[in-house]
Chemist: 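One structure follows; several queries about it will come next.
The first residue of the sequence shown is numbered 1, and numbering continues consecutively from there.
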Amino acid sequence: MRKVLWVVFAAGLLSGCKKEEPAATAGPRQEAEAASEEAPGTGADPFDDSKPYVLTREKLDAYVSYQRTVQSAYAAVARELQAARARFQEAPGAPSAQGKGRLSESMKAIESKAELEDKARRDVGLSEQDVNRIGSLVMDVITQRHMAAMLDLSGELQKLEQMQARLKPEQAAELAPQIDAMRLRLQETEKLASVRKVHGDANVDLVLTREQDLMNNYQDMLRSFGGRAQ
């Protein structure tokens, strides 16, 4: 996950454009790669996850502020992309011309967002690697917590246990493996065991101290791109 957090949602809205004009996307991408090669101090991959990343309270607080700043940009980009799609769906003309025009407008919106992200990152004192590494950590924690809340594993487990209590002993025994599997899944989700293996206990515990703020940011992002927040 090398991109700044949430950029995948904007890219998803562009999927139609890429299918229509695949050749047109090569130019901007090559220009971006060339710019990265020419920029001083950017020779190394900024998202090098081969080494452990140590999150600090200061960096986490800065990242939460960074998220709030760029959230307005994501919402604006989503509106611009949707408006561009609507205009070119209604506009007369050859489909290829419409695709090029929509791609041009979309690329401008993405470039504007990238500039705001870069400024917001510098303003809070985070490096590009900080944003990428913290973003990966936060996304892993928050998406799993969000999914757990949506699935209501605790409630489902309770229903199964209540059902088991009403069954005959032989029937209850048949249901036991399913209950055990559900209980293990709930424990895994609540304790974030898989996330801790990747990011470390200290980093995950620190992120959880700002869970509500980060969850609010995540749900705002979902709303910006037409998703369903809980």
Side-chain angles (χ1 to χ4, degrees), residues 1-10 12 45-75 78 116-118 120-161 179-230:
M1 178 177 167
R2 296 185 177 182
K3 300 296 183 183
V4 176
L5 180 63
W6 302 347
V7 72
V8 66
F9 290 90
D45 188 339
F47 190 74
D48 178 11
D49 59 358
S50 62
K51 299 179 181 179
Y53 181 81
V54 179
L55 181 64
T56 64
R57 166 65 61 185
E58 292 74 19
K59 286 186 177 182
L60 178 60
D61 291 343
Y63 184 79
V64 174
S65 297
Y66 163 83
Q67 273 193 326
R68 294 311 306 170
T69 300
V70 301
Q71 173 57 31
S72 59
Y74 288 119
L116 187 147
E117 283 179 341
D118 193 49
R121 175 183 60 77
R122 293 195 307 268
D123 287 346
V124 297
L126 294 176
S127 68
E128 186 176 351
Q129 179 174 338
D130 287 329
V131 168
N132 284 328
R133 295 298 297 269
I134 299 172
S136 175
L137 165 61
V138 166
M139 183 62 78
D140 286 350
V141 171
I142 297 304
T143 53
Q144 186 156 326
R145 300 287 275 198
H146 183 257
M147 185 61 66
M150 291 183 64
L151 295 176
D152 188 19
L153 297 179
S154 179
E156 293 300 318
L157 176 61
Q158 185 176 9
K159 291 177 182 178
L160 285 177
E161 291 173 335
I179 291 178
D180 290 341
M182 177 70 75
R183 187 176 292 112
L184 286 174
R185 186 180 181 190
L186 176 61
Q187 293 174 352
E188 153 73 18
T189 302
E190 289 182 340
K191 295 180 180 179
L192 298 169
S194 61
V195 179
R196 291 176 183 277
K197 289 179 181 179
V198 174
H199 299 285
D201 289 333
N203 285 348
V204 172
D205 288 339
L206 188 53
V207 167
L208 290 175
T209 65
R210 298 296 303 270
E211 179 179 3
Q212 190 57 58
D213 293 322
L214 292 166
M215 184 65 74
N216 290 340
N217 291 348
Y218 176 76
Q219 293 182 339
D220 286 346
M221 177 271 295
L222 290 179
R223 283 188 284 267
S224 294
F225 289 94
R228 181 176 298 175
Q230 182 175 349

Chemist: Show your working on side chain to side chain contact (heavy atoms under 4.5 Å, CB included) between D123 and T69 and close with a plain yes or no.
Modeler: CA-CA 10 Å; D123 287 346; T69 300; over 6 Å; no
Chemist: What's the spacing between Y63 OH and N217 CG if we round to 0.5 Å?
Modeler: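 If I round to the nearest 0.5 Å, the distance is 8.5 Å.
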Chemist: Identify the two heavy atoms, one from L55 and one from K59, that lie closest to each other, and give their separation to 0.1 Å.
Modeler: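 Closest heavy-atom pair between L55 and K59: CD1-CB, 4.2 Å.
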Chemist: Give a yes or no on whether the backbone of K191 and the side-chain of R196 come within a donor-acceptor separation of less than 3.5 Å.
Modeler: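 Answer holds: yes.
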Chemist: Set out, in order, the CA-CA distance, both residues' side-chain angles and the distance that settles side chain to side chain donor-acceptor pair (under 3.5 Å) for E188 and S194, then state yes or no.
Modeler: CA-CA 7 Å; E188 153 73 18; S194 61; 2.9 Å; yes
Chemist: What is the distance from atom CD of Q67 to atom OH of Y218, rounded to the nearest 0.5 Å?
Modeler: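 Going from CD on Q67 over to OH on Y218, the span is 11.5 Å.
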Chemist: Going through the distances and angles, do N203 and L206 end up as a side chain to side chain contact (heavy atoms under 4.5 Å, CB included)?
Modeler: CA-CA 5 Å; N203 285 348; L206 188 53; 5.7 Å; no
Chemist: Under a 3.5 Å distance rule, please check whether T209 uses its side chain to pair with a backbone N or O of D205 as donor and acceptor.
Modeler: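 Not confirmed, T209 side chain does not pair with D205 backbone.
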Chemist: State, without any angle test, whether N216 and Q212 hold a side-chain donor-acceptor pair at a distance under 3.5 Å.
Modeler: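 The answer is yes; a qualifying pair exists.
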Chemist: I need the minimum non-hydrogen distance between R145 and T189, along with the two atoms involved.
Modeler: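 Where R145 meets T189 most closely, the heavy atoms are NH1-O, 4.5 Å.
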Chemist: Out of M221, E211, Q219, which residue meets the side-chain contact (heavy atoms from CB on, under 4.5 Å) rule with I142?
Modeler: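 Testing I142 for a side-chain contact (heavy atoms from CB on, under 4.5 Å) against M221, E211, Q219 leaves exactly one candidate, E211.
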Chemist: Is any side-chain heavy atom of R122 closer than 4.5 Å to one of D118?
Modeler: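 Answer yes - side chains close enough.
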Chemist: About how many Å separate CD of Q144 and CD of E190, when rounded to the nearest 0.5 Å?
Modeler: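 Rounded to the nearest 0.5 Å, the CD-CD separation comes out at 11.0 Å.
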Chemist: How far apart are the closest heavy atoms of T143 and D140, and which atoms are they?
Modeler: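 Looking at all heavy atoms of both residues, the closest pair is OG1-O, 3.5 Å.
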Chemist: Side chains of R210 and D61, heavy atoms from C-beta outward: is any pair under 4.5 Å?
Modeler: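 Of all side-chain heavy-atom pairs linking D61 with R210, at least one is under 4.5 Å.
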Chemist: Quick one, V141 and L214 - any side-chain contact, counting heavy atoms below 4.5 Å?
Modeler: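 With C-beta onward as the side chain, the pair stays apart.
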Chemist: Atom CG of D130 and atom CG of L60: how far apart are they, to the nearest 0.5 Å?
Modeler: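 Going from CG on D130 over to CG on L60, the span is 11.5 Å.
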Chemist: State the CG-CD distance between L192 and Q187, to the nearest 0.5 angstrom.
Modeler: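 Nearest 0.5 Å value for the CG-CD distance: 13.0 Å.
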Chemist: For a side chain to side chain contact (heavy atoms under 4.5 Å, CB included) check, start with the C-alpha distance between L222 and H146, then their side-chain angles and the critical distance, and finish with the verdict.
Modeler: CA-CA 11 Å; L222 290 179; H146 183 257; 4.0 Å; yes
Chemist: My understanding is that only residues two or more places apart in sequence, or in another chain, count here; which of them pass side chain to side chain donor-acceptor pair (under 3.5 Å) with T56?
Modeler: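 T56 satisfies side chain to side chain donor-acceptor pair (under 3.5 Å) with no other residue.
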Chemist: I need the single residue from L137, N132, I134 that forms a side-chain contact (heavy atoms from CB on, under 4.5 Å) with Y53. Which is it?
Modeler: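 Among L137, N132, I134, the one meeting side-chain contact (heavy atoms from CB on, under 4.5 Å) with Y53 is I134.
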Chemist: State, to 0.1 Å, how close P52 and R133 come at their nearest heavy-atom pair, and which atoms those are.
Modeler: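 Smallest interatomic distance, heavy atoms only, reads C-NH2, 4.1 Å.
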Chemist: Taking everything shown except R185 itself, do over 12 heavy atoms lie less than 6.0 Å from its CZ?
Modeler: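 No.
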Chemist: Can you name the closest pair of heavy atoms from S65 and V124 and give their distance?
Modeler: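 So the two residues come closest at CB-CG1, 4.2 Å.
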Chemist: Please tell me whether Q71 and D220 have a donor and an acceptor in their side chains that are separated by less than 3.5 angstrom.
Modeler: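 D220 and Q71 do not have a side-chain donor-acceptor pair below 3.5 Å.
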